[in-house]
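Below is one structure, written out as structure tokens, with a few remarks after it.
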Amino acid sequence: MPIRVYNTLTQTKEPLQTVVPGKVGMYVCGPTVYSKSHIGHMVGPVIFDTIKRFLVHSGYDVTWVVNITDVDDKLIVQANAEGTTVKELAERVTADYQACLDALGVTGIDHMPRATEHIEEIIGITQGLIDKGYAYPAGGDVYFDVSKAAEYGKLSHRNPEELQAGARIEPTEKKKHPGDFALWKASKPGEPAWESPWGPGRPGWHIECSAMSMKLLGEHFDIHGGGLDLVFPHHENEVVQSECYSGKPFASYWLHNGLLTNKGRKISKSDPDTVVLMADLLHQYEPDTLRTLLLSSHYRRPIDFSPGRLDEVERGLRAFRSLFDRFERMTGRSFYDLDAPTSRAEGDRLAAGELPPEVADHRARFLEAMDDDFNTGGALGELFELVRALNRFADAERLDARKGDPAAIAPWVAGMTILRELSRLLGLFLRPPARSEPDAGGLTGPLIELLIELRAQARKDRNFALADQIRDRLAGLGIRLEDRPDGTGWKIEG
RNA sequence: GGCGCCGUAGCCAAGUGGUAAGGCAGCGGAUUGCAAAUCCGUUAUUCCCCGGUUCGAAUCCGGGCGGCGCCUCCA
């Protein structure tokens with residue numbers, strides 16, 4: 001079953017056929033770095049990180065580029081308001097963005113080019129478009145002439161006449177047509193500026209993505225991604241200027257992720273009520289919880305964000321944590337350190353061996369879902385089924401009592417290895433949750449062990465009132481006790 | 001006004017022509033001293049509404065209704 005992707009350009013699902021067999025070039029629009037990242041900024045990175053993981057696992061050699069737009073009117077305004085420089089602001093916000101990506105396990109980005117480091121390429125493309133008659137200089141600015149490009153509107157499926165009729169585009173006397181957009185903007189005194197054939201200025205908004213994607217991935221590459229809100233005008237402009245410049249098709253497939261809403265409205269910097277900062281969320285929730293929410297439905301669908309939803313997701317993830325604890329008790333090894341197949345072929349070999357019932361089926365269905373336009377919601381469902389199949393097998397075979405017998409638990413461990421393979425494809429459970437670890441070198445662990453010992457004695461004496469008091473008081477402190485045949489375990493909960 | 005997305009149980013959600021995955025919440029059972037965790041069972045005769053095509057539709061077509069996004073900076 002080949003991988004199929006929904007292409008905004010054709011509005012259909014198409015089999016993935018790459019420019020160079022076995023290789024994928026993927027470009028995703030990153031942030032304009034003038035304010036801290038909110039949860040909405042993470043949707044694209046998490047989705048495309050997952051897509052990259054899946055493509056790599058499927059045998060592709062993937063190069064993934066996410067740009068940083070570090071020069072723009074908004075940066076100038078914000079830097080002035082803060083009394084700092086555009087450069088300092090951009091660096092600070094970029095560092096915050098990077099920290100959020102790291103926290104969510106978005107590790108697959110190969111290049112993060114900055115607009116300000118590609119001024120030369122931007123000027124080159126702009127000049128090239130002027131030379132070919134697609135752009136014109138006007139009073140220090142340079143505009144793309146939309147009327148010269150017959151295909152303008154093909155990505156967002158609009159026609160330019162209607163566009164102009166209903167347009168609320170700011171009238172600028174320098175533009176020939178209201179739909180024309182700036183490739184280069186003349187700078188005012190005191191603003192960041194670069195020398196150019198048209199005088200000192202800075203790039204327009206869309207040109208940097210054309211310059212950086214074509215430089216790093218070639219003039220024709222495979223996947224271009226971004227939020228649905230970027231389809232028009234950003235991506236429409238990007239595709240038209242790139243193709244007019246190179247004379248080649250730009251990106252083969254355009255993938256757009258749905259937007260996050262809060263209280264029913266799109267989360268957006270221009271609607272401050274809706275903004276939920278990543279930095280705050282990361283203090284309240286496990287990264288896996290945030291990531292699971294973002295992957296819980298198909299990537300084109302909008303997701304309504306709320307703390308209640310996150311709590312639900314977190315409760316759902318407990319089943320995984322409990323299973324991982326079981327694995328650790330059984331094998332003495334952490335699930336988080338478990339090596340798993342890193343390719344589909346390797347996983348297929350493991351799946352062909354001895355496994356608990358249903359495990360191979362769920363794996364097959366998981367991969368099928370991912371093949372079909374990266375259906376992470378369906379894949380996640382299979383992961384939950386896998387957890388159940390593994391617990392069921394361990395229960396039925398009474399594996400907890402046979403943990404000293406490697407041969408007996410081997411099929412189950414193989415099943416766990418499949419779970420590791422698949423959950424890693426979604427970028428989940430890469431690291432143990434921070435909160436379940438007692439303070440390193442602190443007294444918490446030993447003190448809890450002491451209380452468990454005292455409670456065990458009370459239970460032996462059939463003093464259940466005291467035993468339950470210990471358990472309830474610990475629960476009040478967020479520490480949950482679990483009595484199992486082989487002893488009492490404990491867990492710190494949120 | 002134009003372009004696009006969406007409407008599946010109390011909530012979230014997969015499924016896009018063959019008789020409704022999964023998660024949360026709830027209920028019943030196994031297990032337990034009681035719990036927790038785990039397992040089993042259960043919760044939509046039905047997929048916004050109305051018509052049509054078909055042996056057969058949540059899935060295709062037509063028409064409504066409702067929600068959202070874009071057309072201006074946005075991931």
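Residue numbers begin at 1 in each chain, while the letters A, B, ... track the order of the sequences.
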If you compare every side-chain N and O of A:N391 against the phosphate oxygens of B:A37 (OP1, OP2), does one of them come in below 4.0 Å?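 It does not, given that no N or O in the side chain of A:N391 lies less than 4.0 Å from OP1 or OP2 of B:A37.
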Please confirm whether the shortest side-chain N or O distance from A:R318 to OP1 or OP2 of B:A36 is below 4.0 Å.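 Negative; the distance criterion is not met.
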Provide the full list of salt bridge (Lys or Arg N to Asp or Glu O under 4.0 Å) pairs with a residue in [range], sequence neighbours left out, each pair given once.
{"range": "residues 93-112 of chain A", "answer": "A:K52-A:D110"}
{"range": "residues 292-307 of chain A", "answer": "none"}
{"range": "residues 382-395 of chain A", "answer": "A:R326-A:D395, A:E358-A:R392, A:R365-A:E382, A:E385-A:R388"}

When the nearest nucleotide of RNA chain B is assigned to A:L323 and to A:N257 on a heavy-atom basis, which residue is associated with the more 5' position?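 Nearest nucleotide further toward 5': that of A:L323.
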Residue whose nearest RNA chain B nucleotide is more 5′ - A:H234 or A:H298: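 Closest to the 5' end, via its nearest nucleotide, is A:H298.
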Would you kindly give the [atom1]-to-[atom2] distance between [X] and [N], to the nearest whole Å?
{"X": "A:D229", "N": "B:G4", "atom1": "CG", "atom2": "P", "result": "18 Å"}
{"X": "A:E482", "N": "B:C39", "atom1": "CD", "atom2": "P", "result": "13 Å"}
{"X": "A:I448", "N": "B:A36", "atom1": "CD1", "atom2": "P", "result": "20 Å"}
{"X": "A:Y299", "N": "B:C5", "atom1": "OH", "atom2": "P", "result": "13 Å"}

Any stacking of A:F384 on B:G22, going by centres under 5.5 angstrom and planes within less than 30 degrees?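 Aromatic stack with B:G22 absent for A:F384.
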For the residue pair A:A149 and A:V240, what are the closest heavy atoms and their distance?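 Scanning both residues, the minimum pair turns out to be CB-CG2, 3.4 Å.
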Which heavy atom in A:F48 sits nearest to a heavy atom in A:L255, and how many Å separate them?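 Closest approach of A:F48 to A:L255, heavy atoms only: CZ-O, 3.6 Å.
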If pairing requires Watson-Crick or G-U wobble contacts with both distances under 3.5 Å, which nucleotide is the partner of [N]?
{"N": "B:A21", "result": "none"}
{"N": "B:G4", "result": "B:C68"}
{"N": "B:U53", "result": "none"}
{"N": "B:A44", "result": "none"}
{"N": "B:C39", "result": "B:G29"}
{"N": "B:A58", "result": "none"}

Considering only side-chain heavy atoms of [X], which listed nucleotide, [options], is closest?
{"X": "A:A319", "options": "B:G33, B:G22, B:U38", "result": "B:U38"}
{"X": "A:R158", "options": "B:A37, B:G22, B:C71", "result": "B:C71"}
{"X": "A:H157", "options": "B:A75, B:U8, B:C3", "result": "B:C3"}
{"X": "A:R455", "options": "B:C34, B:C5, B:U38", "result": "B:C34"}
{"X": "A:E385", "options": "B:A21, B:A75, B:G4", "result": "B:A21"}

Does A:H206 have any ring pair (Phe, Tyr, Trp, His ring centres under 6.0 Å) partners at least two apart in sequence or in another chain, and if so, which?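 So A:H206 forms a ring pair (Phe, Tyr, Trp, His ring centres under 6.0 Å) with A:F181, A:H234.
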Of residues 266-278 of chain A, the positions that come close to RNA chain B - non-hydrogen atoms, cut-off under 4.0 Å: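 A:K266, A:I267, A:S268, A:K269, A:S270, in order of number.
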Using a strict heavy-atom distance below 4.0 Å, which residues from residues 468-475 of chain A are in contact with RNA chain B?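 Here the set is A:D468, A:R471.
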Could you give the distance separating [M] and [N] at their [atom1] atoms, to the nearest angstrom?
{"N": "B:C34", "M": "B:U16", "atom1": "P", "value": "46 Å"}
{"N": "B:G63", "M": "B:G2", "atom1": "P", "value": "14 Å"}
{"N": "B:C55", "M": "B:C27", "atom1": "P", "value": "47 Å"}
{"N": "B:C60", "M": "B:G22", "atom1": "C1'", "value": "27 Å"}
{"N": "B:U59", "M": "B:G15", "atom1": "P", "value": "15 Å"}
{"N": "B:A57", "M": "B:C48", "atom1": "C1'", "value": "16 Å"}
{"N": "B:A21", "M": "B:U42", "atom1": "P", "value": "12 Å"}
{"N": "B:G67", "M": "B:U8", "atom1": "C1'", "value": "15 Å"}

Using the ring-ring contact (aromatic ring centres under 6.0 Å, His included) rule, collect all pairs that involve residues 462-489 of chain A, keeping only residues at least two apart or in two chains.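 ring-ring contact (aromatic ring centres under 6.0 Å, His included) check on residues 462-489 of chain A returns no pairs.
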Considering only residues two or more places apart or on different chains, which pairs with a residue in residues 292-320 of chain A satisfy ring-ring contact (aromatic ring centres under 6.0 Å, His included)?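 Of all non-adjacent pairs touching residues 292-320 of chain A, those that pass ring-ring contact (aromatic ring centres under 6.0 Å, His included) are A:F320-A:F384, A:F320-A:F429.
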Polar-atom pairs under 3.5 Å, protein N or O versus N or O of nucleotides 27-32 of chain B: list them with distances, or write none.
none

I want to know whether A:F221 and A:F250 have ring centres closer than 6.0 Å.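 Yes, close enough.
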Which residues pass the salt bridge (charged side-chain N to carboxylate O under 4.0 Å, His left out) test with [X], sequence neighbours left out?
{"X": "A:K154", "value": "A:E151, A:E243"}
{"X": "A:D373", "value": "none"}
{"X": "A:R309", "value": "A:E312"}

Using a 4.0 Å heavy-atom cut-off across all strands, classify A:G381 as base, sugar-phosphate, or nothing.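 The residue A:G381 makes base contact.
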For A:E382, report the nucleic acid contact type (base, sugar-phosphate, nothing); a contact means any heavy atom under 4.0 Å.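 Nothing, no heavy atom under 4.0 Å.
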Is A:K185 close enough and on-axis enough to A:Y143, meaning under 6.0 Å and within 45°, for cation-pi?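 Checked: cation-pi criterion not met.
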Could you check whether the side chain of A:E312 and the base of B:G23 have a donor-acceptor pair of N or O atoms closer than 3.5 Å, going by distance alone?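 Answer is yes: a donor-acceptor pair is held.
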Any heavy-atom pair between the side chains of A:V106 and A:I109 that's under 4.5 Å?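 Counting from C-beta outward, A:I109 and A:V106 do come under 4.5 Å.
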